[in-house]
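Order of appearance sets the numbers: ligands from 1, and atoms from 1 within every ligand. For reference, positions follow the sequence shown, starting with 1.
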Amino acid sequence: MFFSARHSWLDALYERSYRMRMGEVHLPGLALYMVNQPDAVTLVMEDSGTRFPKSPLLGEALKPLLGESIFTTNGAQWRRQRAMMDPAFALARLQVAFPPMQAAVNAMMDRLQQLPKSSEHDIEVEMTHVTADIIFRTIFSCPMEGDDARRIFAAFARFQALAPRLMLPALFGVRWLVWPWDIWRSHRAAREIRHLLEKLIQPRHTAYREGLYNQPHDILQSFMEARDEQTGLAFSFEELVDQVAMLFLAGHETSASALTWACHLIAHRKDIQERMLAETTQLGNTATLQAPDLKSLVLTRNVFRETLRLFPPVGFIARQSDRSCPLGGKQIDAGATVVVAPWLIQRHRKYWQSPDSFDPDRFDQPETRQSLRQAYLPFGMGPRVCLGAAFALQEATLILARLVRDYELTPVPDHTPIPVGRLTIRSANGVRLILERRY
Ligand code: HEM
């Protein structure tokens with residue numbers, strides 16, 4: 001199983017994985033349970049704060065970059081961080097985040113404008129660029145331009161490519177198969193990113209501590225203003241770097257993955273692109289859209305939600321049981337790894353009609369409600385549900401609307417993207433599309 005999964009954990013799945021209620025893997029030193037039943041999934045996810053904390057496997061690979069960030073911590077440390085970070089993502093913040101989103105999308109449209117009227121393009125590259133630019137502008141109030149920003153972006157790409165090579169052997173209990181060279185390269189990329197982020201954060205942090213509060217009202221500012229309810233203490237400088245690094249990674253890697261697959265799916269469906277175009281055209285000039293305008297883009301949003309069902313960027317979520325307990329009709333041991341896989345549940349034969357087909361309109365149909373309630377969790381569920389879900393929906397709706405308004409997307413003949421499970425679900429051979437300007 002390890003050898004088939006070593007390049008992508010999707011390769012370790014079989015057709016029956018999409019029908020099973022629960023799967024088990026037992027190896028020396030490893031007990032892993034794959035949970036597909038809605039009631040067991042809910043139990044694991046709702047109890048993430050206590051009985052089923054985050055598995056240390058993910059943290060192990062990400063720690064050199066993310067340190068003690070909210071993504072990997074557990075217990076009281078996580079609760080304190082979550083309470084301090086929630087205000088930065090409160091609903092009102094979406095209005096504040098909209099102008100930097102729009103500015104980054106304008107920059108993307110300018111880049112595309114430089115291409116010939118009709119050209120072949122790896123859309124993954126552009127989606128990664130625009131989402132990284134959006135999160136960069138939202139955190140720091142400046143565009144991701146200049147040498148340092150480009151070096152951060154390049155080092156992140158190296159770190160992301162190496163992360164699965166470190167994580168998969170750890171998951172299968174064969175850490176000795178990790179190449180020391182890969183560990184060294186991953187640590188070096190993490191050190192470089194942290195050093196560059198420190199250079200960006202340091203002057204703002206110093207200014208804030210010296211009482212210069214008239215800084216831009218961005219996420220970095222919210223993090224500096226956040227206080228621990230009990231002790232009244234702010235994040236230390238080290239913690240700020242951890243959280244910013246985590247946010248940059250969580251905030252663009254996932255959205256880039258989903259948007260790339262959304263483009264792939266609509267490129268094969270001209271009828272849906274036509275309907276999206278009609279929906280967007282009603283709004284007039286898209287370059288001057290405001291956040292509330294996005295509410296009327298129902299189909300565009302459904303396209304993204306359906307993409308998240310078929311290609312959930314976080315394809316599997318790993319927890320560790322902190323005690324021996326019954327789960328899904330089995331007795332599992334303390335320390336067992338419990339995996340909830342949106343990739344499987346959201347394509348499960350029992351919970352979805354036509355589970356493999358792309359049908360954005362299913363989100364408007366009453367009979368889908370039950371499936372959504374029991375088998376749809378692209379943003380996770382329970383206390384550790386994604387902090388940036390509303391942010392992601394807003395940016396994705398905006399990007400897709402702007403793209404389809406100006407370009408017709410067509411698949412490249414003889415190119416079939418191959419999904420692989422890495423840090424997120426990506427394509428092994430890119431997602432090449434023909435982009436043809438409509439005017
Ligand atoms: C389509 C885009 C996105 C998807 C599919 C996604 C998915 C997820 C999932 C599944 C989790 C829970 C992981 C777990 O329970 O182990 C999560 C957590 C998180 N996400 Fe997202 N995410 C997306 C975008 C974003 C964005 C844009 C941000 C920030 C701006 C963000 C910030 C976070 C944070 C901070 C957490 C950790 C929450 C905690 O542990 O308390 N995510 N995300």
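Residue Gln230 qualifies as open at atom CD: its count of foreign heavy atoms under 6.0 Å is 12 or below.
Among protein heavy atoms, atom 24 (C) of ligand 1 sits closest to Thr254 OG1, 3.3 Å. What sits closest to atom 38 (C) of ligand 1 on the protein, heavy atoms only, is Arg82 NH1, 3.4 Å. Nearest to atom 32 (C) of ligand 1 among the protein's heavy atoms is Gly388 N, 3.8 Å. Atom 37 (C) of ligand 1 has Phe71 CD1, 3.7 Å as its closest protein atom, hydrogens excluded (heavy atom only).
Taking all heavy atoms of Phe304, Phe89, Phe316, Phe248 into account, the minimum distance to atom 30 (C) of ligand 1 is reached by Phe89. Comparing heavy-atom distances from atom 15 (O) of ligand 1 across Met85, His252, Lys54, Arg319 singles out Arg319 as nearest. Closest to atom 43 (N) of ligand 1 by heavy atom, among Ala396, Pro378, Ala390, Cys386, is Cys386.
Of the options Gln273, Arg269, Arg275, a side-chain hydrogen bond (donor to acceptor under 3.5 Å, both in side chains) to Asp271 is made by Arg269 and by none of the others. Just one of Phe311, Phe358, Trp343 meets the ring-ring contact (aromatic ring centres under 6.0 Å, His included) condition when paired with Trp261; it is Phe311.
In the vicinity of Pro313, heavy-atom distances shorter than 4.0 Å reach the ligand 1 atoms 5 (C). Of all atoms in ligand 1, numbered sequentially from 1 with element shown, those under 4.0 Å from a heavy atom of Ile135 are 30 (C). The distance from ligand 1 to the heavy atoms of Gly251 drops below 4.0 Å at these ligand atoms: 26 (C), 27 (C), 28 (C), 29 (C).
Using a 4.5 Å heavy-atom cutoff, the side chains of Met108 and Met127 are in contact. Counting heavy atoms from C-beta outward, Leu247 and Phe71 have side chains that stay 4.5 Å or more apart. In this structure, Gln331 and Ser324 have side chains that are in contact, with non-hydrogen atoms separated by less than 4.5 Å.
Comment: Asp86 engages Arg82 in a salt bridge, judged by a side-chain N to carboxylate O separation of less than 4.0 angstrom. A salt bridge links Arg349 with Asp356: at least one charged nitrogen is closer than 4.0 Å to a carboxylate oxygen.
At a 4.0 Å heavy-atom cut-off, ligand 1 does not touch Leu377 at all. Counting heavy atoms under 4.0 Å from ligand 1, residue Phe379 touches it through both backbone and side chain. Counting heavy atoms closer than 4.0 Å to ligand 1, residue Met246 contributes side-chain atoms (C-beta onward) but none from N, CA, C or O.
Residue Arg384 has at least one N or O atom closer than 3.5 Å to an N or O atom of ligand 1.
In this pair, His129 and Phe153 present their aromatic rings tilted. The plane angle is within the 30 to 60° band.
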